[in-house]
There are 2 protein chains.
Amino acid sequence: MTDGLDDTIEDRGLLSDRIRNALADEIATGRLEAGAALDEQQLADRFGASRTPVREALRQLAASGLVEVRARRGVVVARMTPERIMDMFETVAEIEAMCARLATYRMTPLERSHLIELHDASETLVKKGDFDAYDTFNRAFHEAIYHATHNSFLAEQAIAIRSRLTAFRRAQLQQEQRLDRSRAEHEAIMQAIAEGDGEMASRRMRAHMLNAATALRRFIEASKLA
Amino acid sequence: MTDGLDDTIEDRGLLSDRIRNALADEIATGRLEAGAALDEQQLADRFGASRTPVREALRQLAASGLVEVRARRGVVVARMTPERIMDMFETVAEIEAMCARLATYRMTPLERSHLIELHDASETLVKKGDFDAYDTFNRAFHEAIYHATHNSFLAEQAIAIRSRLTAFRRAQLQQEQRLDRSRAEHEAIMQAIAEGDGEMASRRMRAHMLNAATALRRFIEASKLA
DNA sequence: TTTGCCGATTTTGCATGCAAATCCGCCATC
DNA sequence: GATGGCGGATTTGCATGCAAAATCGGCAAA
């Protein structure tokens with residue numbers, strides 16, 4: 001999202017960080033497909049850098065699970081089996097549900113009002129069918145809930161794990177009617193939060209995320225047929 | 001646990017990995033205290049290596065949150081405020097609770113039997129008051145539950161997050177009577193699992209972890225007075 | 001006495017060089 | 001024709017060198 005900037009204005013950050021972000025984005029968006037070999041020299045040439053910052057970037061990506069390093073045998077983009085993707089979705093679903101429950105009990109009136117405002121604004125995005133804008137809103141919505149748990153460590157973990165599903169989330173959103181349904185599910189979650197029923201908010205959030213996973217599964221199956 | 005080996009037999013792994021593991025262990029056990037500066041050259045000398053593998057190790061540690069890198073200003077061991085530690089404990093408690101619930105519904109009879117065996121064996125450790133042995137058992141017990149969720153991604157996340165609390169967990173265990181109580185809590189969890197009541201297993205696991213957090217808080221307060 | 005500036009020192013960040021391990025193709029052998 | 005071993009090419013892993021940035025000390029000015 002801030003990539004256009006990274007390449008132009010932000011020339012002052014650490015080179016290894018910029019390379020890491022660029023690669024992370026390419027993997028998340030699928031431009032670099034799973035199993036692809038990442039040659040150090042080749043990447044160094046591409047980014048106009050030496051192998052050192054590239055190596056550092058690759059190590060960091062390995063730590064976040066986006067790539068696999070096999071000692072002395074090079075680095076490849078992590079291969080995601082459908083089972084693993086589903087495992088990840090389930091994990092995110094459970095963590096989001098947990099956040100929704102905690103947030104319901106702990107959020108301040110100000111935070112609640114902010115969340116309502118966000119949710120209300122999303123209606124026009126659905127009507128316009130703007131996937132990109134809705135995806136951005138969606139992220140803000142969920143992150144607002146993370147922060148409303150008033151547990152910054154949990155919020156960080158949630159964001160980190162969620163970011164690893166970026167690519168799949170976006171794919172899933174483009175399923176037919178998914179935008180509409182997503183917002184309806186948000187609506188139900190908001191209602192539970194408004195009533196102060198954390199358990200219900202939790203269940204609804206879990207269902208919301210698992211619905212997204214199911215939509216993704218359908219999307220994958222459909223892709224296979226094509 | 002395999003550290004003694006790492007230093008002697010396992011000279012074939014990647015140097016940067018060995019350095020990373022060594023540093024991670026020293027941070028987790030508190031031998032390297034929070035806020036301590038990690039000078040690259042100094043560490044390189046200590047490990048008999050050059051700065052390159054040390055740098056890679058530090059970057060990886062940064063990715064897992066154990067150290068903080070401030071661009072061009074060096075690396076320091078991540079500073080943990082009491083609030084942050086409590087946030088981490090709460091997060092672990094919630095994740096463990098989640099794992100206990102899923103595991104209850106999904107574990108195979110073989111896994112259940114293995115867990116029972118583990119739990120039974122811990123009785124003698126409590127009687128002997130062997131903190132180290134109990135800590136090792138405790139880890140095995142909790143990891144058995146993670147794996148019984150049959151969600152390998154969730155298990156990995158749980159292990160990763162849990163590992164970041166190693167130091168504090170051990171400190172907490174040495175509180176008076178904590179060993180006894182810990183095992184009694186495990187007992188209650190086992191019972192809920194045996195009855196197939198995932199919700200109860202979840203609640204009891206959460207309580208178990210929060211009790212550990214409370215014990216730790218008392219430990220910290222006591223340390224402050226001294 | 002305090003504040004701000006300037007230079008020396010230290011440390012980081014990156015480039016490059018080199019040795020070891022792995023991969024790949026070829027040839028000999030079965 | 002298939003299999004196994006061998007040598008070159010490629011690639012990784014680590015060491016080292018160098019430039020830029022930050023830190024620290026002292027000194028001058030307010």
Side-chain angles (χ1 to χ4, degrees), chain A residues 5-24 26-27 32-79, chain B residues 5-24 26-27 32-79:
Chain A
L5 292 176
D6 286 346
D7 294 350
T8 54
I9 301 174
E10 256 194 75
D11 274 359
R12 59 204 160 157
L14 263 57
L15 189 50
S16 59
D17 279 1
R18 278 186 286 147
I19 294 174
R20 171 173 55 74
N21 289 335
L23 288 178
E26 291 187 24
I27 293 172
L32 272 171
E33 62 187 311
L38 297 172
D39 184 80
E40 293 181 0
Q41 187 61 54
Q42 191 178 315
L43 289 173
D45 293 344
R46 217 188 99 195
F47 288 103
S50 78
R51 283 176 46 224
T52 306
V54 171
R55 274 181 69 79
E56 287 186 6
L58 290 177
R59 297 310 164 134
Q60 291 180 274
L61 291 174
S64 69
L66 284 174
V67 303
E68 253 176 89
V69 297
R70 302 157 305 171
R72 292 175 204 285
R73 298 186 58 203
V75 177
V76 296
V77 177
R79 207 175 272 287
Chain B
L5 294 176
D6 286 347
D7 294 349
T8 56
I9 300 174
E10 257 193 76
D11 274 359
R12 58 201 160 159
L14 261 56
L15 188 51
S16 59
D17 279 2
R18 279 186 287 148
I19 294 174
R20 170 173 55 74
N21 289 335
L23 288 178
E26 290 186 25
I27 293 172
L32 272 172
E33 62 188 312
L38 297 171
D39 183 81
E40 292 182 1
Q41 187 62 53
Q42 190 178 315
L43 290 173
D45 294 344
R46 218 187 97 194
F47 287 104
S50 78
R51 282 176 47 224
T52 305
V54 171
R55 273 181 69 78
E56 288 186 7
L58 291 176
R59 295 310 164 134
Q60 291 179 270
L61 291 174
S64 68
L66 283 173
V67 304
E68 254 174 88
V69 298
R70 302 155 305 171
R72 292 196 166 75
R73 298 186 58 204
V75 177
V76 295
V77 177
R79 205 174 274 288

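Residue numbering restarts at 1 for every chain, and letters A, B, ... go by the order of the sequence lines.
In this structure, A/Ala57 and A/Ser16 approach most closely via the heavy-atom pair CB-O, 3.6 Å. B/Ala78 approaches B/Gly65 most closely through the heavy-atom pair CB-O, 3.6 Å.
Of all nucleotides in DNA chain D, those with any atom nearer than 4.0 Å to a heavy atom of chain B start and finish, going 5' to 3', at D/dG13 to D/dT23.
The shortest side-chain heavy-atom distance between B/Arg59 and A/Arg59 does not fall under the 4.5 Å cut-off. In this structure, A/Leu32 and A/Leu23 have side chains that are in contact, with non-hydrogen atoms separated by less than 4.5 Å.
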Might you work through the salt bridge (charged side-chain N to carboxylate O under 4.0 Å, His left out) test for A/Arg46 and A/Glu40, ending with a clear yes or no?
CA-CA 10 Å; A/Arg46 217 188 99 195; A/Glu40 293 181 0; over 6 Å; no
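Rounding to the nearest 0.5 angstrom, the gap separating the CD1 atom in A/Ile27 from the OG atom in A/Ser64 is 8.0 Å.
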Could you go through nucleotides 4-12 of chain C and list every protein N or O atom that sits under 3.5 Å from one of its N or O atoms, giving the distance for each pair?
none

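When each of B/Val67, B/Leu61, B/Leu43 is tested with B/Val75 by the rule side-chain contact (heavy atoms from CB on, under 4.5 Å), just one qualifies, namely B/Val67.
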